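I have placed the structure first, in the form of structure tokens, so that the comments after it can refer back to it.
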Amino acid sequence: MKKKILCMALVGAMAFSMAACGGKEGEGDLTPTPSAAPTEEAGNSTPEPTPSETPAQVEDFDVTEMVDEILERVETPAMMPGSDMELTEVYGIPADKVDAYAIRVPMMNVSAVEISAFRAASEEDVQAVVDGINARVQALTSQWESYLADQLELVQNHKLIVQGRYVLFVIGEEEFSSYAENVFMRKFDPSIEEMVLVRKFHQFQGVIKEMSDDKIVLEYTEEDKVYTFECKYAEHFYAEGGMENFAVGDTVNATLEEPIPEAEGVMEASLNYIVKVME
């Protein structure tokens, strides 16, 4: 089989120049109540914030920790944190209107995926946060409507959820936005059933079980569970050191061309890259 060698060039532009984000901490317990509907909307693409009907008693939680935990569980484009500049200039939210926030935007300007969470300084300041988010949606709509239709659709289907002083804003695929909403709402009502994510595989360390000119079978073990991947070689496949240096039993770092969801039995995949793990 003729193997094609991958030649890749990283292409992209930084969407923002950002520093680590953070915020001031709030005080005491609070009983969340829905905020008023936003006063500014971006046409049909800006749904009203979604409050729960009966928010439960909740202690203050760290919005940065929550956002980072969400991003650890769901695959997204590489994200960067936003600083006070993004809070005030990109979102247009005055710094004194929040006492904590976490803004995450993609590193490359080819994706509209975004997630931000805010804790308003007071109940009265929630509206300023919502207004800033609505203005952000309007700007993103203008940005993507003449660029990439699929990213514009993500913006139009964004989630804006208000609980007491807390506000969550998410742009992304359904799995990502629904999972973020689930994590956020469980902060206020732990009785809400936890959303279970479908495990996806992309980069992993496995053992070569079979090899041929047409495919390679890799086995990956995690927490006593064994996953088997029957991989055809991707069009642009690269084996570091050459395939002649690999053998059954070798441990390798492997990259599949596209993430594939967990399934019962053998999973079919397209292998993009492998390299030996040196002992």
Side-chain angles (χ1 to χ4, degrees), residues 1-18 20 65 67-81 104-111 113 115 150-151 172-176 179-180 183 195-279:
M1 179 190 70
K2 295 182 179 179
K3 299 179 179 62
K4 300 185 180 181
I5 306 302
L6 171 67
C7 295
M8 303 181 65
L10 178 63
V11 180
M14 299 298 293
F16 296 95
S17 174
M18 301 181 176
E65 183 178 285
V67 167
D68 288 343
E69 286 177 355
I70 291 169
L71 292 174
E72 286 176 3
R73 294 292 306 279
V74 185
E75 186 163 346
T76 65
M79 308 289 277
M80 294 189 67
R104 300 288 184 271
V105 294
M107 292 178 63
M108 303 298 176
N109 65 351
V110 294
S111 172
V113 174
I115 179 170
D150 59 337
Q151 300 305 303
E173 299 291 346
E174 177 61 29
E175 182 181 66
F176 173 46
Y179 180 69
V183 171
M195 180 176 171
V196 178
L197 294 173
V198 176
R199 173 71 186 276
K200 293 185 179 180
F201 301 88
H202 179 54
Q203 296 176 323
F204 58 91
Q205 187 174 101
V207 177
I208 298 176
K209 306 302 290 185
E210 298 178 27
M211 290 181 63
S212 73
D213 287 340
D214 299 319
K215 67 181 181 182
I216 186 169
V217 177
L218 300 172
E219 192 174 89
Y220 166 58
T221 304
E222 181 181 63
E223 297 180 354
D224 298 326
K225 187 169 183 179
V226 178
Y227 302 91
T228 302
F229 303 89
E230 187 174 280
C231 305
K232 293 183 178 180
Y233 302 107
E235 181 179 1
H236 299 286
F237 168 68
Y238 181 73
E240 189 168 303
M243 280 298 289
E244 63 274 11
N245 294 316
F246 290 82
V248 172
D250 285 347
T251 299
V252 298
N253 286 323
T255 301
L256 303 181
E257 191 168 53
E258 297 290 343
I260 64 170
E262 180 179 344
E264 295 295 331
V266 177
M267 292 175 279
E268 294 184 355
S270 182
L271 185 64
N272 182 262
Y273 171 84
I274 57 172
V275 58
K276 274 189 182 182
V277 175
M278 307 305 294
E279 296 181 357

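Please read all numbers here as calculations on a predicted model, not as lab measurements.
In this structure, N272 contributes its side chain and H236 its backbone to a donor-acceptor pair below 3.5 Å. K276 places a side-chain N or O within donor-acceptor distance of the main-chain N or O of N245, the cut-off being under 3.5 Å.
For E173, the salt bridge (Lys or Arg N to Asp or Glu O under 4.0 Å) test picks out no residue, with sequence neighbours left out. E72 pairs by the side chain to side chain contact (heavy atoms under 4.5 Å, CB included) definition with nothing, not counting sequence neighbours.
Here CE of M211 is found 9.0 Å from CG of D213. Values are rounded to the nearest 0.5 Å. Rounded to the nearest 0.5 Å, atoms OH (Y233) and CD1 (I216) are 5.0 Å apart. Distance check: L71 CG to T76 OG1 gives 5.0 Å after rounding to the nearest 0.5 Å. The line from CG of L271 to OG1 of T255 is 8.0 Å long, rounded to the nearest 0.5 Å. Annotation: the span from K200 atom NZ to E262 atom CD amounts to 12.5 Å, rounded to 0.5 Å. The structure places CG of D250 at 9.5 Å from CE of M278, a figure rounded to the nearest 0.5 Å.
Residues I208 and L218 are in side-chain contact: their nearest non-hydrogen atoms beyond the backbone lie under 4.5 Å apart. Residues M243 and F237 form a side-chain contact, since some pair of their non-hydrogen atoms from C-beta on lies under 4.5 Å apart. Considering only heavy atoms from C-beta on, V266 stays 4.5 Å or farther from E268 through its side chain. Residues M79 and P106 have side chains in contact (heavy-atom distance under 4.5 Å, counting atoms from C-beta outward). Counting heavy atoms from C-beta on, the side chains of E69 and V183 never come closer than 4.5 Å. Considering only heavy atoms from C-beta on, P261 stays 4.5 Å or farther from R199 through its side chain. A 4.5 Å side-chain heavy-atom check between Y238 and V275 finds every atom pair outside the cut-off. Residues Q205 and T251 are in side-chain contact: their nearest non-hydrogen atoms beyond the backbone lie under 4.5 Å apart.
Across every non-hydrogen atom of E257 and H202, the tightest pair is O-CE1, 4.2 Å. Annotation for I260 and M267: closest pair CD1-CB, 3.8 Å, computed over non-hydrogen atoms. The two atoms that bring E175 and V74 nearest to each other are OE1-CG1, 4.5 Å, heavy atoms only.
Side-chain polar atoms of Y273 and E240 form a donor-acceptor pair below 3.5 angstrom.
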Exercise for review: List the steps and the verdict of ring pair (Phe, Tyr, Trp, His ring centres under 6.0 Å) for F204 and Y227.
Suggested key: CA-CA 11 Å; F204 58 91; Y227 302 91; 9.0 Å; no

**Study point:** Verdict with supporting geometry, R104 and V113, side chain to side chain contact (heavy atoms under 4.5 Å, CB included)
**Key:** CA-CA 9 Å; R104 300 288 184 271; V113 174; over 6 Å; no

